[in-house]
Number of protein chains: 2
Amino acid sequence: MANLETDLYSVKDKMYAAADCIIFGFEGGRIKLLLFRRRVEPLKGEWSLIGSFVRLDEDVSEAAKRVLKEITGLENVFMEQLKAYGKADRDPGFRCLSIAQYALIQIDEYDGELVEKHGAHWFDIDEIPDLVLDHNQMVQDALERLKQKARYQPIGLNLLPEKFTIPQLQQLYEVIYQKELDSRNFRKKLLSLKVLIKLDEKDKTNSRRGAFLYKFDYKTYHELEKFGYNFEIS
Amino acid sequence: MANLETDLYSVKDKMYAAADCIIFGFEGGRIKLLLFRRRVEPLKGEWSLIGSFVRLDEDVSEAAKRVLKEITGLENVFMEQLKAYGKADRDPGFRCLSIAQYALIQIDEYDGELVEKHGAHWFDIDEIPDLVLDHNQMVQDALERLKQKARYQPIGLNLLPEKFTIPQLQQLYEVIYQKELDSRNFRKKLLSLKVLIKLDEKDKTNSRRGAFLYKFDYKTYHELEKFGYNFEIS
DNA sequence: ATAATAAATGTAAAATGTACGTTAATTACA
DNA sequence: TGTAATTAACGTACATTTTACATTTATTAT
């Protein structure tokens, strides 16, 4: 009996593991997703998230960083694990887990040439084509996560340049939440959080008057965080 | 060049995948964690989360359910993926990913005999022993998730019996948040959410007067959810 | 000079959160 | 039998935050 059980528990099957990246950007007031053509069979050539098999000697998060750098040239961007996708039949070819990670990047900073070379393309999130396997589901889950998380943590800022205007930030929140916000209340709430640094520069791309540029004060933010400070934009 | 790249992308290493369960209960005003003695080498006999290798033909979530049922006899309990743990060196023996899932159970409903038989034991979360591999980290992460999630979703209720009193629920929130709550404000806030059904019964285990029992109104809750209703207990 | 445009500011009412004190129901036991 | 002890339940006043809404400001193209 004991032996039987031991044997049962010891069933060890090996499988593949993939790291797939949901790469979001923000441009022209829209959230964008970077997709590319799948490089391996089956389904080679179909639109797919950017991903790679995880190698035996690398961390899952490293695998994601590796592939992100390879395609976009970017390092040190915001990236966070979304979740693992582990349905037995998710890949028709062979058993393969995927650990999905989402990245938020400043869309103007990536290496366009590299992206071009890998056949990658930015899609508006309202116009995402059919993707391989369960990748559409991953994108939906990542958007949901972004929506939830942006409310209580300043992660959305990773989609904007270091210097940004309040109207820009509002526009970002409006597309994330998919609803309009009152500009007066938005500004008031935001400034009350005391984590923005007003600069002496203006951005005049959107108006004659120009809007003041701000930077996020991460230092103060992390200080306040320790005391249970609540960043919340609703 | 193209071939080289194709080869590079095609590096496919197989590895093991484990499903580990962080099983929380609530008893005597404390959050408890169910641990057992590891059944496989290496580290056989050490305290460990309950887990199993994922088999080739089963979903990751199924693996977690399988092992949970095996040890506690429980089915249909609240269980949710926490995250995947994918450090290359997390298991000294061989490359093994773990997909951690946390479960919230009513501690009185599990099969004590089964648990006994598997050498499992409930630990107060303040008295968790050293666990194998990165399991202590998993527990910390799961507690953090519980703390975050309980604030905006009524998942804590899964730790209580179907019928519970308001003081019981408050006690639960107090241990989750690790801070005292004002009983008058807690009650007011909770009842204002309009998702509790007051019963005609009282629970007299904690006082002479007895406290009225309530049930959570999942039906109404799910209705309200559709309209962007916000369950929030802070 | 003026028109056009988005940025920035203000304010009053409503809703929610916070900090308290008091009363109510029940049982053990004097 | 009534009184003390104990937790449950309720209420209120004040502070804070959210919401709804209108006007002024800075700038440039004409």
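Every chain is numbered from 1, with letters handed out A, B, ... down the list of sequences.
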Check: A:F164 ring centroid to A:F26 ring centroid under 6.0 Å: no
(message) Can you confirm if the NZ or CZ of B:R37 lies within 45° of the ring axis of B:W47 and under 6.0 Å from the centre of its six-membered ring?
(response) yes
Separation of D:dT7 atom P from B:F212 atom CZ, nearest Å, is 18 Å
**Report entry** Pair of N/O donor and acceptor under 3.5 Å linking C:dG21 base with B:R184 side chain
**Finding:** yes
When you compare the side chains of A:S61 and A:D59, does any donor N or O come within less than 3.5 Å of an acceptor on the partner? no
- Query: Any ion pair linking A:R184 and A:D182 (charged N to carboxylate O, less than 4.0 Å)?
  - Reply: yes
Kindly indicate, with the supporting measurements, whether the criterion side-chain hydrogen bond (donor to acceptor under 3.5 Å, both in side chains) is fulfilled by A:D141 and A:Y85. CA-CA 11 Å; A:D141 292 347; A:Y85 290 77; 2.5 Å; yes
TODO: For C:dA8, take OP1 and OP2 only and decide whether either is under 4.0 Å from a side-chain N or O of A:R187.
DONE: yes
Validation row, ring centre A:F216 to ring centre A:Y218 under 6.0 Å:
yes
To the nearest angstrom, the CZ-P distance between B:F186 and D:dA9 comes to 12 Å
Sorted by number, residues from residues 196-205 of chain B placing a heavy atom under 4.0 Å from DNA chain C are B:K202, B:K204
Discussion item. Using only atom types and a distance under 3.5 Å, with no angle test, would you say the side chain of B:R145 pairs donor to acceptor with the backbone of B:L82?
Written reply: yes
With the criterion being N/O to N/O and under 3.5 Å, what pairs connect the protein with nucleotides 14-19 of chain D, and how long is each?
residue	atom	partner	partner atom	Å
D:dT18	OP1	A:K189	NZ	3.3
D:dT18	OP2	A:K189	NZ	3.2
D:dT19	O4	A:K188	NZ	2.9

Separation of C:dA19 atom C1' from B:E180 atom CD, nearest Å, is 14 Å
B:D182 CG to D:dA9 P, in whole Å, measures 15 Å
Practice prompt. Look at the side chain of A:R208 and the base of C:dA4, then say whether one donor and one acceptor between them are separated by less than 3.5 Å.
Written response: yes
Separation of D:dA26 atom C1' from A:R209 atom CZ, nearest Å, is 5 Å
Query raised in the report: Does a side-chain N-to-carboxylate-O contact under 4.0 Å join A:E75 and A:K65?
Result: no
B:L213 CG to D:dA8 C1', in whole Å, measures 13 Å
**Report entry** Student check: side-chain heavy atoms of A:S98 and A:M138 closer than 4.5 Å
**Finding:** yes
When rounded to whole Å, the CG to C1' distance for the pair B:N206 and C:dT27 reads 15 Å
